[in-house]
Amino acid sequence: MALLVARGLRRSFGGIAALDGADIDIEAGSIAGLIGPNGAGKTTLFNVVSGSLRPDAGTVLFDGRDITGWRPDRLVAIGVARTFQIARGLGGLTVLENLILYGRDQPGEGFAAALLRPRQARDREEQLRLRAIEIARRLEILAVADSRAADLSGGQKKLLELGRALMAEPRLILLDEPAAGVNPSLTRRLAAQIQSLRAEGLTFLIVEHDMGLIADLCDRVTVLAQGRLLATGGFAEIRADPRVQEAYMGRPRLHGSA
């Protein structure tokens, strides 16, 4: 069953169509890839689905509910979280503080709870702290839990991005170029974490230029070109598709293990 369904998405900027009727389906419990040549509309589709942009037309359904045009905070509340290509953690806070900040049901969001700190608020703060420690341990960044986010390596920042998304207790995580600027060793660690999380029931949509990572991780790949759906299928299938080869500037094939 499709957890996320987008149909007929359109979005223009200054009269130029970035999305021109794009569609995508993401099955529950899958790892889906979204690829395409530069200017294909990948980032725009990603931003529309994650609530950063409102579409000019089209619909987005999550678990059968119409979420078209919802704000990111509303999407997080129903289980849709995203990461960013450039890590957005607060550099002056520690890793653990960054994780705690993105936990759900923050007691400090209410004036009375923040001021008076009743027992219920203190209990929730402790729950968030323990969850942050658990996630940091899982992602192998517990050793730098007290380090400032600004002092992390590029790969550690990507793991922190994933950790912040996990703190929101999502059902679907949208990953924006998780391998960008990351060394091969950390890319493998990140891939292993994604596979492990999928085995526990999480669903992923990945926008990525690293075709090796897409080939290794993704059950199904959607290819966009000129703002429209060009092809969808397994990586080996879309790699052999002449339309996809043509879209990638006439290359005979997309590289990556099948």
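Other residues, nucleotides and ligands contribute more than 12 heavy atoms inside 6.0 Å of the CD1 atom of Ile78. Within 6.0 Å of CZ in Arg124 there are more than 12 heavy atoms belonging to other residues, nucleotides or ligands. Crowding of Arg104 atom CZ: a count of heavy atoms from other residues, nucleotides or ligands under 6.0 Å exceeding 12. Atom CD of Glu97 has more than 12 heavy atoms from other residues, nucleotides or ligands within 6.0 Å.
No side-chain donor-acceptor contact under 3.5 Å links Glu177 to the backbone of His209. Checked by atom type and distance alone, the side chain of Asp151 never pairs as donor or acceptor with a backbone atom of Ser147 at under 3.5 Å. In this structure, Lys42 contributes its side chain and Ala225 its backbone to no donor-acceptor pair below 3.5 Å. Checking side-chain atoms of Ser196 against main-chain N and O of Ala192 turns up no donor-acceptor pair under 3.5 Å. A donor-acceptor pair is defined here as one N or O able to donate and one able to accept, closer than 3.5 Å; such a pair exists between the side chain of Gln245 and the backbone of Arg239.
Remark: Asn98 CG to Leu96 CG distance equals 9.5 Å, nearest 0.5 Å. To the nearest 0.5 Å, atom CG of residue Asp56 and atom CG of residue Leu9 are 10.0 Å apart. In this structure, CZ in Arg137 is found 12.0 Å from CD in Glu140, a value given to the nearest 0.5 Å. The CG atom of Leu90 lies 11.5 Å from the CZ atom of Arg148; values are rounded to the nearest 0.5 Å. Residue Leu190 holds its CG atom at 11.5 Å from OG of Ser185, rounded to the nearest 0.5 Å. How far CD1 of Ile206 is from CZ of Phe204: 7.0 Å, rounded to the nearest 0.5 Å.
Checked against Ile35 for a side-chain contact (heavy atoms from CB on, under 4.5 Å), the options Val207, Ile238, Leu224 give a single hit: Ile238. Ile31 pairs in a side-chain contact (heavy atoms from CB on, under 4.5 Å) with only one of the listed residues (Ile194, Leu202, Ile26), which is Ile194.
When all heavy atoms of Gly163 and Ile135 are compared, the closest pair comes out as CA-CG2, 3.7 Å. Heavy atoms only, all atoms of each residue included: Ile100 and Ala132 are closest at CG1-CB, 3.7 Å. The nearest pair of heavy atoms linking Asp146 to Thr94 is O-CG2, 3.5 Å. Closest approach of Gly36 and Val223 over heavy atoms only: CA-CG1, 4.4 Å. Closest approach of Leu205 and Gly33 over heavy atoms only: CD1-C, 4.3 Å. Heavy atoms only, all atoms of each residue included: Pro170 and Ala81 are closest at CB-CB, 3.9 Å.
Taking the side chain as every heavy atom from C-beta outward, Leu4 and Leu61 never approach each other to under 4.5 Å. Two residues are said to be in side-chain contact when any heavy atoms from C-beta on lie closer than 4.5 Å; Phe46 and Asp176 meet this criterion. With contacts defined as side-chain heavy-atom distances shorter than 4.5 Å, the pair Pro184/Arg188 qualifies. Taking 4.5 Å as the limit, every side-chain heavy atom of Thr44 sits out of range of all side-chain heavy atoms of Arg10. Looking at Ile173 and Leu175, their side chains come closer than 4.5 Å, going by heavy atoms from C-beta outward. Looking at Leu162 and Leu197, their side chains come closer than 4.5 Å, going by heavy atoms from C-beta outward. Side-chain contact between Arg171 and Phe62 is present, with heavy atoms from C-beta onward closer than 4.5 Å. Contact annotation: the side chain of Val244 approaches that of Leu230 to within less than 4.5 Å [non-hydrogen atoms, C-beta and beyond].
Ion pairing between Arg65 and Asp63 fails under the 4.0 Å rule for side-chain N and carboxylate O. With respect to the salt-bridge test (charged N to carboxylate O, under 4.0 angstrom), the residues Glu161 and Lys158 do not qualify. Ion pair Arg138/Glu200 flagged as a salt bridge, since at least one NZ, NE, NH1 or NH2 atom sits closer than 4.0 Å to an Asp/Glu carboxylate oxygen. Between Arg11 and Asp20 there is no salt bridge, since none of the side-chain N atoms of the basic residue sits less than 4.0 Å from a carboxylate O of the acidic one. Contact check on Arg220 versus Asp25 returns no salt bridge, with no Lys/Arg side-chain nitrogen under 4.0 Å from an Asp/Glu carboxylate oxygen.
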Checking side-chain contact (heavy atoms from CB on, under 4.5 Å) for the pair Leu99/Arg164: CA distance, chi angles, key distance, verdict? CA-CA 5 Å; Leu99 291 173; Arg164 293 192 310 124; 4.3 Å; yes
Could you go step by step and tell me if Thr83 and Leu174 meet the side-chain contact (heavy atoms from CB on, under 4.5 Å) rule? CA-CA 6 Å; Thr83 68; Leu174 310 172; over 6 Å; no
Yes or no on side chain to side chain donor-acceptor pair (under 3.5 Å) for Arg82 and Asn47, after CA distance, side-chain angles and deciding distance? CA-CA 10 Å; Arg82 72 165 291 179; Asn47 287 335; 2.9 Å; yes
Stepwise side-chain contact (heavy atoms from CB on, under 4.5 Å) check, Phe235 with Asp219: CA-CA 8 Å; Phe235 184 81; Asp219 308 298; over 6 Å; no
Could you please spell out the steps behind the salt bridge (charged side-chain N to carboxylate O under 4.0 Å, His left out) verdict for Arg129 and Glu126? CA-CA 5 Å; Arg129 189 185 71 83; Glu126 180 63 10; 2.8 Å; yes
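Criterion: ILVMFWY side-chain heavy atoms under 4.5 Å apart, direct or through other members. Under it, Leu152 and Ile86 are not part of a common hydrophobic cluster. Follow the hydrophobic side-chain contacts under 4.5 Å out from Leu217 and you reach Leu186 in the same cluster. When hydrophobic clusters are built by joining Ile, Leu, Val, Met, Phe, Trp and Tyr residues whose side-chain heavy atoms come closer than 4.5 Å, directly or via intermediates, Leu128 is grouped together with Leu139. Cluster annotation: Leu34 is connected to Leu172 through the hydrophobic network of ILVMFWY side chains, with a link wherever side-chain heavy atoms come within less than 4.5 Å. Val5 and Leu53 end up in different hydrophobic clusters when Ile, Leu, Val, Met, Phe, Trp and Tyr side chains are linked at under 4.5 Å.
Between the side chains of Arg198 and Gln195, not a single donor N or O lies within less than 3.5 Å of an accepting N or O.
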